[in-house]
Each structure stands twice: as C-alpha cells, then as structure tokens.
Amino acid sequence: MSTPAKIAVGGVAVGLLLLIWLPLWAVVLIVFGVPAVAYLALDPSQRRRLRRVTRRELGR
C-alpha cells in the first residue's frame, strides 16, 4: 500500500472515531477548520504556488 493510501485510510479511521465521540458540529468544525487554518498559515508566495499546482503534482 502506498504512503498516500495509508494516510487516507488513517484519516478515515480518525474521522469515524470523531463521529462516535463528538457531536456532528464539532466534527464538521475540525474537518473544515484544520485545513483552513493550515492554508492561512502559509506565506502569500506559498499560497500562490499552491493555487498554481494541480492536484496530481501535490504528491511529488
């Protein structure tokens, strides 16, 4: 199994555990909040580069 596949499986497992122990609104906040905060933590030049890169090239 490739590394991205392992990360995806781990993310699904964590998501299911969160759904069991937390209310739905908290899970939604975590799922959308963490990537948004990570994006906002980037420098403007890094954000421009990330917008330019296609999804296929992100794994390189």
Side-chain angles (χ1 to χ4, degrees):
M1 188 182 297
S2 67
T3 302
K6 290 177 188 176
I7 293 171
V9 169
V12 169
V14 168
L16 290 174
L17 287 174
L18 286 175
L19 277 173
I20 291 170
W21 282 307
L22 294 174
L24 182 61
W25 64 267
V27 174
V28 171
L29 185 66
I30 291 169
V31 167
F32 290 112
V34 170
V37 169
Y39 178 77
L40 292 174
L42 295 174
D43 292 336
S45 62
Q46 292 172 321
R47 290 183 200 162
R48 277 193 302 271
R49 181 177 177 201
L50 187 60
R51 273 187 254 129
R52 263 187 317 188
V53 173
T54 62
R55 266 203 177 284
R56 189 179 34 169
E57 294 174 336
L58 282 176
R60 288 187 185 176

Quiz item: So with a 6.0 Å cut-off around CZ of R49, is the heavy-atom count from everything else above 12?
Solution: no
Quiz item: Would V14 and V9 show up in the same hydrophobic cluster when neighbours are defined by side-chain heavy atoms closer than 4.5 Å?
Solution: no
Exercise. Run through the side-chain heavy atoms of Ile, Leu, Val, Met, Phe, Trp and Tyr, join any pair under 4.5 Å, and report what else lands in I7's cluster.
Key: none
Without placing hydrogens or testing angles, list every side-chain donor-acceptor pair under 3.5 Å for residues 22-46, not counting sequence neighbours.
| from | atom 1 | to | atom 2 | distance (Å) |
| --- | --- | --- | --- | --- |
| Y39 | OH | R51 | NE | 3.2 |
| Q46 | OE1 | D43 | N | 2.9 |

Exercise. Scan for side chain to side chain donor-acceptor pair (under 3.5 Å) pairs involving residues 3-23, sequence neighbours excluded, and state none if there are none.
Key: none
